[in-house]
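Quantities reported herein were computed from a predicted structural model and do not represent experimental measurements.
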Amino acid sequence: SCQSYILVIDALDECENDEDVRIILQLLAKVRSLTTVRLRVFLTSRPEITIRHGICAIPQAQHQDFILHNVPSTIVIHDISLFLQYKMGIIRQDCSLGADWPGEVVLRQLVLHACGLFIWAATACRFVHEGRRFARKRLDTILKGSSSAITAPEKHLNEIYLAVLQHSISLEFSDEEK
């Protein structure tokens with residue numbers, strides 16, 4: 001029997017050259033003809049025109065579309081909650097924070113502030129983690145800098161990016177962080 005492999009291509013839309021995207025998609029269309037290996041491909045991308053056309057050229061039997069925006073929000077919120085629990089647990093260990101840090105209430109606040117956006121949750125975790133001994137302070141910065149959860153998700157994204165940028169410029173460091 002053939003060996004099975006999974007090829008993961010993340011963010012195909014980030015390719016700078018449309019011709020490269022076309023070539024990759026043409027090669028993926030030929031995967032089924034492989035006889036020495038069984039290859040499954042997991043591809044993520046925004047639905048750019050070049051990519052949509054390339055995917056449509058692959059016979060339906062060979063691919064399945066999964067549109068993230070069609071996932072029920074309860075599942076997304078649950079997944080973000082699990083992600084934040086896991087990442088904050090790593091931060092708690094790496095930064096030697098108390099066993100109860102950051103706490104259930106704070107985790108729920110972070111989930112609300114994420115507004116269903118994994119990029120917000122990932123950015124928040126990275127910002128807090130990179131603060132090392134200032135992790136607690138950075139988490140407070142995020143929570144204080146975010147407005148109420150009843151705003152557009154993009155506003156929360158802008159707010160966290162602003163907090164990260166303000167703390168990446170040496171003039172903006174607290175006296176302790178300097």
With side chain to side chain contact (heavy atoms under 4.5 Å, CB included) as the test, would you mind laying out the steps for T50 and L25 before giving the verdict? CA-CA 10 Å; T50 307; L25 291 171; 5.5 Å; no
Check this for me: I49, atom CD1, are more than 12 non-hydrogen atoms of other residues, nucleotides or ligands nearer than 6.0 Å? no
Rounded to the nearest 0.5 Å, how far does CD of Q109 lie from CD1 of I142? 11.5 Å
Kindly work out whether a path of hydrophobic side-chain contacts (I/L/V/M/F/W/Y, heavy atoms less than 4.5 Å apart) joins L7 to I24. yes
Hey, any chance V37 and L27 share a hydrophobic cluster, counting ILVMFWY side chains that come within less than 4.5 Å of each other, even indirectly? no
Drop me the distance from T44's OG1 to E14's CD, to the nearest 0.5 angstrom. 9.0 Å
V71 and D79, any side-chain heavy atoms less than 4.5 Å apart: no
Taking C-beta and beyond as the side chain, do T74 and H78 meet within less than 4.5 Å on heavy atoms? no
Is a side-chain donor or acceptor of R92 paired with a backbone partner of W101 at a separation under 3.5 angstrom? yes
Using 30° and 60° as the class boundaries, would you call the ring planes of F83 and F118 parallel, tilted or perpendicular? perpendicular
Minimum heavy-atom separation for I51 to S45, with atom names? CD1-OG, 3.0 Å
Within this structure, what is the CD1-CG distance for the pair I91 and L97, rounded to the nearest 0.5 Å? 8.5 Å
Test item: V106 and M88 side chains (from C-beta on) under 4.5 Å apart, heavy atoms: no
Should L82 and Y86 be regarded as members of a common hydrophobic cluster, given that ILVMFWY residues are connected when their side-chain heavy atoms come within less than 4.5 Å of each other, either directly or indirectly? no
F127 and I90: same hydrophobic cluster, using ILVMFWY side-chain contacts below 4.5 Å? no
Nearest 0.5 angstrom please: L143 CG to L110 CG, how far? 5.0 Å
Can you check whether I9 reaches L28 side chain to side chain, under 4.5 Å on heavy atoms? yes
Does atom CZ of R38 have more than 12 heavy-atom neighbours, drawn from other residues, nucleotides or ligands, at distances under 6.0 Å? no
Nearest heavy atoms of V31 and L39, plus distance in Å: CG1-O, 3.4 Å
Any sub-3.5 Å donor-acceptor pair from S81's side-chain atoms to I77's backbone N or O? no
Would I119 end up clustered with L139 when hydrophobic side chains under 4.5 Å apart are linked, directly or stepwise? yes
Do the non-hydrogen side-chain atoms of V105 and R108 ever get within less than 4.5 Å of each other? yes
Can you measure from NE2 (H113) to CG (L84) and round to the nearest 0.5 angstrom? 11.5 Å
For a 4.5 angstrom cut-off between non-hydrogen side-chain atoms, does K87 reach H129? no
About how many Å separate CD1 of I80 and CD of Q85, when rounded to the nearest 0.5 Å? 13.0 Å
